[in-house]
A.B. asks: 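I'd like to ask you about the structure that follows.
Remember, predicted model here, so these are calculated numbers, not experimental data.
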2 protein chains.
Amino acid sequence: MPSTTTPALKRVLNAAVVQFARHGYEGASLSGIAADAGIRKASLYSHVKNKNALFLAVFEDALHSEARFARDCFARPDPKWPGQNYCESLLARYADSEHFRFLLRTAYIPPEPLFHELQEGYETYMQQLLADFTTALRRHVGGVLSDRDADIMGHAWMGMVDSLHVALIYIGQARFEARLNALEHLMGDSIARLVKG
Amino acid sequence: MPSTTTPALKRVLNAAVVQFARHGYEGASLSGIAADAGIRKASLYSHVKNKNALFLAVFEDALHSEARFARDCFARPDPKWPGQNYCESLLARYADSEHFRFLLRTAYIPPEPLFHELQEGYETYMQQLLADFTTALRRHVGGVLSDRDADIMGHAWMGMVDSLHVALIYIGQARFEARLNALEHLMGDSIARLVKG
DNA sequence: TCAGAACTACCTACCGGTCGGTAGCTTTTT
DNA sequence: AAAAAGCTACCGACCGGTAGGTAGTTCTGA
């Protein structure tokens, strides 16, 4: 793992995230990635050890990128309910971020040879997301939130997020927004009921 | 397409659904499928035209299998809220049905060469599921359900189902049940509020 | 000058798919 | 009844193509 990121390596990583996001781990070929980076396949090996290492490097980048995105969403105060900023930013994020599309493509069914390495990264990322939501929720409802209710709402919100992630992948934009709207209703109802006690 | 399903073809299809569910379209090899079926790769071509046709045949089987499963769930009356039977049967279904695992694996990111053929099948299956839920919902709340509310709850329930499907793939059994429990809370709250008006 | 990034050429392994041929059963023909 | 022909499922061998990866050489920039 090189500590310095040269411009050439940057081009390789950019090409790789595009190819992996578009065709997955198996479907993306090193020749294609090299071509997109403007070099030959053999020259890749001046920058990365092998395909696995390349994928892992892209994965690290993507995780950091998404962690920053989530942090920014939770830094802004949510207008109506905790976690709202994150959910409502997903559509634009999906359109803009190659790293996000990469993560969504490979998250649920990761490439078999890298399964264990990836699972750990996903796990801590999801834990962080859940922690962010929980603190936002506690701030929202004040001090009257039992651990059990926090747990339930946390699971529900993570489920909602997965549901929106999936919608980004295989449903069109129109139905994504309909789903988001519908789930916001459920979420709003339950949180309101929580606040009233 | 042979109209009669010989025992040998049946063995091939059984082997194929296992391999496709486990390794995906690209990751499953015809040699492996043939080996599981007890024959050589070349002999596969006495039963199916090529890999695409084999995958499509398995896909048809899986769709029919899941349609029957969903119909059975909605045939029984739901104890507390519409769609409950389906959601609460998913975990056992995932453990038991190779066809279900096959569908989950290939639903969100289908193999590129078959994208269009598959999308149509998924679409009609999902539409049927949504229709089943909507009629169950209408029966549950009585005549006081506006089209707009039915639409919202439909989107929410489909979102919940996707969320549970995803949970089956990459979360363990314990957290699946936690998520199911949490989402049932949201669903219950919103439907209760719908019934009261 | 010399390290490293690029190239050409090549390797092995595996993929989906085809080919010619064969064993064994069924059907037709004499 | 028996021989001849056809059919089905199977096989080993092989094809073209592509994958990831390596060896050895040349180019290039500080």
Side-chain angles (χ1 to χ4, degrees), chain A residues 1-59 102 105-106 110-115 117-118, chain B residues 1-59 102 105-106 110-115 117-118:
Chain A
M1 187 85 52
S3 56
T4 66
T5 301
T6 70
L9 173 57
K10 197 127 189 148
R11 284 207 308 277
V12 168
L13 290 175
N14 282 343
V17 68
V18 171
Q19 291 292 312
F20 283 138
R22 193 121 58 196
H23 308 293
Y25 175 80
E26 295 185 286
S29 77
L30 291 184
S31 347
I33 293 171
D36 282 12
I39 58 177
R40 303 286 161 193
K41 181 183 62 169
S43 312
L44 282 181
Y45 289 82
S46 302
H47 304 287
V48 291
K49 183 164 159 276
N50 53 28
K51 194 181 188 181
N52 282 6
L54 175 57
F55 190 93
L56 286 175
V58 171
F59 177 68
F102 166 87
R105 163 111 203 190
T106 53
E112 290 187 53
L114 301 174
F115 184 83
E117 286 102 312
L118 299 178
Chain B
M1 187 83 53
S3 55
T4 67
T5 301
T6 70
L9 174 57
K10 195 127 188 147
R11 285 207 308 275
V12 167
L13 290 175
N14 283 344
V17 68
V18 172
Q19 291 291 314
F20 282 138
R22 192 121 57 197
H23 307 294
Y25 174 81
E26 297 184 286
S29 76
L30 291 184
S31 347
I33 292 171
D36 282 11
I39 58 178
R40 302 289 159 189
K41 182 183 60 168
S43 311
L44 282 182
Y45 289 83
S46 301
H47 304 288
V48 292
K49 182 164 160 277
N50 53 29
K51 194 181 188 182
N52 281 5
L54 174 57
F55 189 92
L56 286 176
V58 171
F59 178 68
F102 166 88
R105 163 108 203 194
T106 54
E112 291 187 51
L114 301 175
F115 185 83
E117 285 103 314
L118 299 178

A.B. asks: Quick one: side chain to side chain contact (heavy atoms under 4.5 Å, CB included) partners of A35(B), sequence neighbours excluded?
C.D. replies: none
A.B. asks: Using whole Å, report how far CZ of F20(B) lies from C1' of dG16(C).
C.D. replies: 12 Å
A.B. asks: Taking all heavy atoms of Y45(A) and all of N50(A), pick out the closest pair and write down the distance.
C.D. replies: CE2-CA, 4.0 Å
A.B. asks: Tell me the interatomic distance from L114(B), atom CG, to dG16(C), atom P, rounded to whole angstroms.
C.D. replies: 13 Å
A.B. asks: Distance-only check: which donor-acceptor pairs under 3.5 Å involve side-chain atoms of residues 15-30 of chain A, not counting sequence neighbours?
C.D. replies:
from   : atom 1 : to      : atom 2 : distance (Å)
Q19(A) : NE2    : D36(A)  : OD2    : 2.9
H23(A) : ND1    : E112(B) : OE2    : 3.1
Y25(A) : OH     : N52(A)  : OD1    : 2.3
S29(A) : OG     : G32(A)  : N      : 3.0

A.B. asks: Could you give the CG-to-C1' distance, from N52(A) to dA19(D), as a whole number of Å?
C.D. replies: 14 Å
A.B. asks: Considering only nitrogen or oxygen atoms on both sides, find all protein atoms under 3.5 Å from nucleotides 25-30 of chain D and state each distance.
C.D. replies:
none

A.B. asks: Report yes if at least one side-chain N or O of S46(A) is closer than 4.0 Å to OP1 or OP2 of dA6(C); otherwise report no.
C.D. replies: no
A.B. asks: To the nearest Å, give me how far apart CD (Q19(B)) and C1' (dC14(C)) are.
C.D. replies: 15 Å
A.B. asks: Rounded to the Å, how far apart are L44(B) CG and dG12(D) C1'?
C.D. replies: 15 Å
A.B. asks: Would you kindly give the OH-to-P distance between Y45(B) and dT18(C), to the nearest whole Å?
C.D. replies: 6 Å
A.B. asks: Working to the nearest 0.5 Å, report the span between NE2 of H47(B) and CG of L13(B).
C.D. replies: 10.0 Å
A.B. asks: Heavy atoms from C-beta onward define the side chain here; which of dA23(D), dG17(C), dC10(D) lies closest to that of R11(B)?
C.D. replies: dC10(D)
A.B. asks: Say you draw a straight line from NZ of K41(B) to OG of S31(B); how long is it, rounded to the nearest 0.5 Å?
C.D. replies: 5.0 Å
A.B. asks: Is the shortest side-chain N/O distance from H47(A) to OP1 or OP2 of dA6(C) below 4.0 Å?
C.D. replies: yes
A.B. asks: Whole angstroms only, please: what is the NZ-C1' distance between K51(A) and dT22(D)?
C.D. replies: 17 Å
A.B. asks: Would you mind listing every side-chain hydrogen bond (donor to acceptor under 3.5 Å, both in side chains) that reaches into residues 8-18 of chain B, with sequence neighbours excluded?
C.D. replies: none
A.B. asks: Does anything in residues 22-41 of chain B come within less than 4.0 Å of DNA chain C? Heavy atoms only, and list the residues if so.
C.D. replies: A28(B), S29(B), L30(B), S31(B), K41(B)
A.B. asks: Rounded to the Å, how far apart are L9(B) CG and dC10(D) C1'?
C.D. replies: 15 Å
A.B. asks: I'd like to check the side chain to side chain contact (heavy atoms under 4.5 Å, CB included) partners of L118(B); sequence neighbours left out, ordered by chain and number.
C.D. replies: F55(B), L56(B), F59(B), P110(B), P111(B), L114(B), Y122(B)
A.B. asks: Does S46(B) have any side chain to side chain contact (heavy atoms under 4.5 Å, CB included) partners at least two apart in sequence or in another chain, and if so, which?
C.D. replies: none
